[in-house]
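Every heavy atom of this structure was used, including side-chain atoms; hydrogens, water molecules and symmetry mates were not. Just so it is clear, the structure is predicted and the values come from calculations on it, not from any experiment.
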Amino acid sequence: MGSFAYISVGERPLVADVRTLSNQFMRLDVSEPSWVLACTVARSSLYERVRERQYNDPHLLVLKDTVQHGGSKKVAMGDDGVLRIQGLICVPNVDGLHELILEEAHSFRQ
């Protein structure tokens, strides 16, 4: 969201509320002038842990540097900063994340 400069003073509290919701993973859709559709966007805490820990794995740091300098076509970094190889999330081998993912996957199969 941009600046409040072009928003009337009376509408600024509403815009601030919309910005707050947006920062809390709420998506708003105003497709009709008389109503607003709101939905939450849920993300796994495991996903966030993987994203944060990618910076702790020395191999992935080298890969990220390669991607940022345009040296790889199979590896990409998404808008969310997550490193992916051919669309699959790169899970760093730190803090037992591999084991945690395997445990989570096996718990859903039961």
Side-chain angles (χ1 to χ4, degrees):
M1 300 200 103
S3 168
F4 285 131
Y6 297 102
I7 306 296
S8 71
V9 174
E11 293 176 342
R12 287 182 185 180
L14 176 62
V15 173
D17 289 342
V18 169
R19 179 181 285 174
T20 300
L21 289 172
S22 171
N23 291 337
Q24 295 173 352
F25 303 111
M26 177 73 69
R27 193 180 81 217
L28 301 175
D29 179 20
V30 183
S31 55
E32 294 289 328
S34 60
W35 52 276
V36 175
L37 174 65
C39 66
T40 58
V41 178
R43 273 207 180 130
S44 166
S45 62
L46 189 56
Y47 176 84
E48 292 301 322
R49 289 174 67 181
V50 167
R51 184 176 61 83
E52 291 167 2
R53 304 296 190 299
Q54 282 187 339
Y55 293 99
N56 297 344
D57 186 308
H59 299 292
L60 294 183
L61 284 175
V62 170
L63 209 50
K64 277 189 177 204
D65 188 51
T66 303
V67 169
Q68 289 173 340
H69 290 92
S72 177
K73 294 183 182 182
K74 292 183 179 183
V75 182
M77 193 175 325
D79 294 336
D80 55 0
V82 174
L83 190 65
R84 300 171 192 270
I85 296 178
Q86 296 180 337
L88 301 174
I89 296 173
C90 298
V91 178
N93 193 17
V94 295
D95 297 338
L97 282 176
H98 288 176
E99 291 79 14
L100 187 60
I101 290 171
L102 287 172
E103 286 175 23
E104 188 95 11
H106 288 286
S107 70
F108 284 115
R109 296 184 81 166
Q110 296 176 354

Inset, instruction - To the nearest 0.5 Å, tell me how far Glu99 CD sits from Asn93 CG. - result: 7.0 Å

Inset, instruction - Answer whether the closest heavy-atom distance between the side chains of Val75 and Thr66 falls below 4.5 Å. - result: no

Inset, instruction - First locate atom CG of Leu83, then atom CD of Gln68, and finally report the distance between them rounded to the nearest 0.5 Å. - result: 9.0 Å

Inset, instruction - Might you point out which heavy atoms bring Gln54 and Gly81 nearest each other, and give the distance in Å? - result: OE1-O, 3.8 Å

Legend entry - Pairwise distance CD1(Ile101) to CG(Leu46) - rounded to 0.5 angstrom: 5.0 Å

Legend entry - Residue pair Asn56 / Val94: nearest heavy atoms and the distance that separates them: O-CG1, 3.9 Å

Inset, instruction - Answer yes or no: is there an ion pair linking Glu52 with Arg49, defined by an N-O contact shorter than 4.0 Å? - result: no

Legend entry - Within-4.5 Å side-chain heavy-atom neighbours: Val50 and Leu97: yes

Inset, instruction - Decide whether Val82 and Leu60 are clustered together by the hydrophobic rule: side chain heavy atoms of Ile, Leu, Val, Met, Phe, Trp, Tyr closer than 4.5 Å, transitively. - result: no

Legend entry - Cluster check Tyr55, Ile89: I/L/V/M/F/W/Y, side chain < 4.5 angstrom: no

Legend entry - Shared hydrophobic cluster, Val91 / Leu102 (ILVMFWY, side-chain heavy atoms < 4.5 Å): no

Inset, instruction - Search all heavy atoms of Cys90 against all heavy atoms of Ile85 and return the closest pair with its distance. - result: SG-CG1, 3.4 Å

